There are 2 protein chains.
Amino acid sequence: MSPRTKIQLEENRLATETRILKSALTIFSSQGFAGASIRKIARDAGISDGLMYNYFKSKEVLALAVLKSSFQTLDETIIYDETKSPEENFKQSVNNFIDLIQKEKTKIRLLAQMGLHEKKFNQLNQATTARYEESVSKFSEIFRAMKIENPVFEARILVASLDGIVFESLLMDQPFSLEKFRENLIKKYCT
Amino acid sequence: MSPRTKIQLEENRLATETRILKSALTIFSSQGFAGASIRKIARDAGISDGLMYNYFKSKEVLALAVLKSSFQTLDETIIYDETKSPEENFKQSVNNFIDLIQKEKTKIRLLAQMGLHEKKFNQLNQATTARYEESVSKFSEIFRAMKIENPVFEARILVASLDGIVFESLLMDQPFSLEKFRENLIKKYCT
DNA sequence: GTCTATACACGGATAGAC
DNA sequence: GTCTATCCGTGTATAGAC
């Protein structure tokens, strides 16, 4: 029944940890830090409350773990590869971003939920600021290479638009079609 | 000491209710629905827990009251007045919106906090969707009058940018200067 | 209208058996 | 590694005195 070798035990432990993280993501994302409970998460992951503490020593540690792994999946979205044309970079970046909204909605919602909490988790706000600056900087390069006027401001507008459609797709019932947004954006800047 | 006439009693009651709503706004806004507690709100408003229930019969009813009053202050932001030039309408609307972000940050944070909560408060998401459509529609009219190409999509981009800077000013440590954003936006569309 | 006291449920965290 | 039992704080809501 139960696994016998050390390796099997470790695999089992890893599998459980993965299940916990997945459940934690779902619950934290939809109910926020305060609204989520160890009980709900444990039940969702199919384990007992007590066992949770064998994996994560507190609710806050668990939240930080989920946060960290969620934030990592956002890496490498906006790119500026000098060996490619600026239009290619633009298309790729916009596509990456919009794909991300669709595929990682739960993680993005989590980051917003946690980020809105005053005081708690303010490392997150710093990280978000850094990511923003990086995105603006990359799009500025792209726009400069495309000879677009006022490239830095154009980049800020574009990044704001992208952040805006994130906001909208989180907060609205039927947000405007992301596909149309993608098409129109590319048409606007790449013709 | 205590007021004797009926009118004074009513004024007193109204004053207390106002204090409760103000405290509730602060606490709900920074800690979300689950994170806020009747105790914290009552303490902040300088009354006892029990008295809260004399004004609002449950935490949820209180939240809905705060939500409603917050949502109302967002009215009349994006305008389209046919007796004025489209440029005037544009400037006025953008100015209204950016002023709103600065002045009503707490209320906006509240709407975001509550809106991110899955299931609960989904009337809010419907209202947000309606407001979005209305904003897009008004900016579309403005852009059409300005002979800008693809006015509806341009309106969606603009509204997304505005929503984006809301998002950014809520989630980032030092968001990009709203004043520069305002200036550049107006320069871009009104010259 | 306001307070204090209290009932009662929920949630975080720990202990100890298996 | 996993579960059950349990402690204890916190929170919503109500009752009753003033």
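Please read these numbers as outputs of a predicted model, since none were measured by experiment. Side-chain atoms are counted along with the backbone in the values below, which use heavy atoms only and exclude waters and symmetry mates. Numbers restart at 1 for each chain; the letters A, B, ... are given by sequence-line order, proteins then strands.
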Report the distance from atom [atom1] of [X] to atom [atom2] of [N], rounded to the nearest whole Å.
X: A/Glu17; N: D/dG1; atom1: CD; atom2: P; result: 10 Å
X: B/Phe56; N: D/dG11; atom1: CZ; atom2: P; result: 20 Å
X: B/Met52; N: D/dT12; atom1: CE; atom2: P; result: 9 Å
X: B/Ile41; N: D/dA13; atom1: CD1; atom2: C1'; result: 14 Å
X: A/Ile38; N: D/dC8; atom1: CD1; atom2: C1'; result: 16 Å
X: A/Arg39; N: D/dT4; atom1: CZ; atom2: C1'; result: 12 Å
X: A/Ile47; N: C/dA13; atom1: CD1; atom2: P; result: 14 Å
X: A/Asp49; N: D/dC3; atom1: CG; atom2: C1'; result: 10 Å

Where the side chain of [X] is concerned, which of [options] is the nearest nucleotide?
X: A/Lys59; options: C/dG12, D/dT12, D/dG1; value: C/dG12
X: B/Ser48; options: D/dT2, D/dT10, C/dT4; value: C/dT4
X: A/Asn54; options: D/dT2, C/dG12, D/dT12; value: D/dT2
X: B/Ser37; options: C/dA13, D/dC3, D/dT12; value: D/dT12

Does a nitrogen or oxygen in the side chain of [X] sit under 4.0 Å from OP1 or OP2 of [N]?
X: B/Asn12; N: C/dT2; value: yes
X: B/Tyr53; N: D/dA13; value: yes
X: A/Thr16; N: D/dG1; value: no

*Linking I/L/V/M/F/W/Y whenever any side-chain heavy atoms sit under 4.5 Å apart, do A/Phe121 and A/Leu170 land together?*
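No, no single cluster joins them.
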
*Group every Ile, Leu, Val, Met, Phe, Trp and Tyr by side-chain heavy-atom contacts under 4.5 Å, then state whether B/Val159 and B/Phe167 land in the same group.*
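Hydrophobic grouping puts B/Val159 with B/Phe167.
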
Once you apply a heavy-atom cut-off of 4.0 Å, does [X] come out as touching a base, just sugar-phosphate, or nothing?
X: B/Leu51; answer: base
X: B/Ala34; answer: nothing
X: A/Tyr55; answer: sugar-phosphate
X: B/Ala15; answer: nothing

*Could you check A/Phe176 against B/Tyr132 for ring pair (Phe, Tyr, Trp, His ring centres under 6.0 Å), going step by step and ending with a plain yes or no?*
CA-CA 10 Å; A/Phe176 177 62; B/Tyr132 166 80; 7.5 Å; no

*Establish, for the pair A/Arg182 and A/Phe97, whether the NZ or CZ atom is under 6.0 angstrom from the six-membered ring centre and no further than 45 degrees off its axis.*
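No, A/Arg182 does not sit over the ring of A/Phe97.
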
*asked:* Both A/Gly50 and A/Lys40 contact DNA chain C. Which one's nearest nucleotide lies toward the 5' end?
replied: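 Looking at the nearest nucleotide for each, A/Lys40 comes out on the 5' side.
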
_Under 3.5 Å, is there any donor-acceptor pair linking the side chain of B/Arg13 to the base of C/dG1?_
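A donor-acceptor contact between them is absent.
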
*Examine B/Tyr80 together with B/Phe139 and report whether their ring centres are nearer than 6.0 Å.*
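No; B/Phe139 has its ring centre 6.0 Å or more from that of B/Tyr80.
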
_I'd like to check A/Phe90 versus A/Leu158 (side-chain heavy atoms, cut-off strictly below 4.5 Å). Are they in contact?_
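Yes, side chains in contact.
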
